[in-house]
Amino acid sequence: MDGNGRWASRRLLPRTAGHREGVKNITPVVSAALNSGVRAVTLYAFSSENKNRPKDEVDSLVDLIRKRLKPMTRELLERGARVAFSGDTEYFPDDVRAIMHDIEQERTDANAQVVNIALNYGGRSEIARAAKLASEHGEINEETIEKNLYTAQLPELDMIVRTGGEMRLSNFMLYQAAYSELFFTDTLWPDFSEDELIGMIAEFGKRVRRFGKL
Ligand code: IPE
Ligand code: MG
């Protein structure tokens, strides 16, 4: 979900106004994704590198999580989705972690669609962590690493969408992205629409995926 800062700057607003606007766009876009039938959607909401932004911005992002996470996920839980988190959530203050815990406990049905929210998430540290956990229980191989990724309970990562015009993964699910179909759009996250997502899902259906085979 990239482009909140630029969305705000273009309107001569502070960056935090862009983050607030971006949060408003999450429930409609995620609902559209769930309506399309996907089994899981991950939101890259706060990367481990985002912590290195100026303290003011980091504080306001954490505060936005504190205030908006529950209202934002309520509609998604009500429609039957389960909410999970990926990342080193120990970083967040206790009250914020308690909110995450409550939301995660709300629904635990293994067959439910999943809305996975990546918070203080970094792909490299996820892989290092998974390798360490795997080594503590025996052999390190693809199977044991996959079992120890945050996404162990999630299906294969089929499709990645990045808004905001940059053409890179920025440490997002580096292991899981091996055969993902990538979609990039110049649209800034607060302007990204359900229709644009639906168009991408239609294009996804037309792509030929060979997974290295002929
Ligand atoms: C993405 O928007 C939201 C978060 C990282 C939390 P940015 O804040 O990166 O917006 P730009 O890239 O400066 O426009
Ligand atoms: Mg950005």
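One-based numbering, in listed order, for ligands and for the atoms of each.
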> What protein N/O/S atoms lie closer than 2.8 Å to the Mg ion (ligand 2)?
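Less than 2.8 Å away from the Mg ion (ligand 2) sit D2 OD1.
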
> Would F85 and F46 count as a close aromatic pair, with their ring centres under 6.0 Å?
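No, they do not, as the ring centres are separated by 6.0 Å or more.
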
> Hey, does A45 sit under 4.0 Å from ligand 1 if you only count heavy atoms?
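For ligand 1, residue contact (heavy atoms, under 4.0 Å) with A45 is present.
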
> Are R11 and W7 in a cation-pi setup, meaning NZ or CZ lies under 6.0 angstrom from the ring centre and within 45 degrees of the ring axis?
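The answer is yes, since R11 meets both limits relative to W7.
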
> What residue and heavy atom of the protein are closest to atom 1 (C) of ligand 1, and at what distance?
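Protein heavy atom with the smallest distance to atom 1 (C) of ligand 1: M1 O, 3.0 Å.
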
> Look at R79 together with E75 and state whether they make a salt bridge at an N to O cut-off of under 4.0 Å.
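The answer is no: the pair does not qualify as a salt bridge.
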
> Assess R53 for proximity to ligand 1: is some non-hydrogen atom of it under 4.0 Å away?
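So R53 counts as touching ligand 1.
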
> Identify which one of E49, E126, R124 satisfies the side-chain hydrogen bond (donor to acceptor under 3.5 Å, both in side chains) criterion when paired with N171.
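Testing N171 for a side-chain hydrogen bond (donor to acceptor under 3.5 Å, both in side chains) against E49, E126, R124 leaves exactly one candidate, E49.
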
> F183 ring centre to R207 NZ or CZ under 6.0 Å, with the angle to the axis within 45°?
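Verdict for F183: a cation-pi partner in R207.
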
> Using a heavy-atom cut-off of under 4.0 Å, does the side chain or the backbone of N50 touch ligand 1, or both, or neither?
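The side chain, only.
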
> Write out the residue and atom name of the closest protein heavy atom to atom 7 (P) of ligand 1, then the distance separating them to 0.1 Å.
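So the nearest neighbour among protein heavy atoms is D2 OD1, 3.5 Å.
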
> Whether the side chain of D186 engages the backbone of G164 through a donor-acceptor N/O pair (distance < 3.5 Å, no angle test) should be reported.
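Here the side-chain-to-backbone pair does not exist.
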
> Answer whether the closest heavy-atom distance between the side chains of M200 and F184 falls below 4.5 Å.
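Side-chain contact under 4.5 Å: no.
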
> Atoms of ligand 1 less than 4.0 Å from G5 heavy atoms?
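Per the distance check, 7 (P), 8 (O), 10 (O), 11 (P), 13 (O), 14 (O).
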
> So, does K51 use its side chain to make a donor-acceptor pair with the main chain of S48 at under 3.5 Å?
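Yes.
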
> When you look at K24 and E21, which way does the salt bridge (charged side-chain N to carboxylate O under 4.0 Å, His left out) test go after all the steps?
CA-CA 5 Å; K24 285 193 210 156; E21 193 66 21; 3.3 Å; yes

> Closer than 4.0 angstrom: is that true for some heavy atom of G3 and an atom of ligand 1?
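Within the 4.0 Å threshold, so yes.
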
> Mind checking whether E166 contacts ligand 1 via backbone (N, CA, C, O), side chain (CB onward), both or neither, at a 4.0 Å heavy-atom cut-off?
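It is neither part, as no heavy atom is under 4.0 Å.
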
> Side chains of Y175 and E146 only: does a donor on one sit below 3.5 Å from an acceptor on the other?
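Per modelled atom types, Y175 and E146 side chains form a pair under 3.5 Å.
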
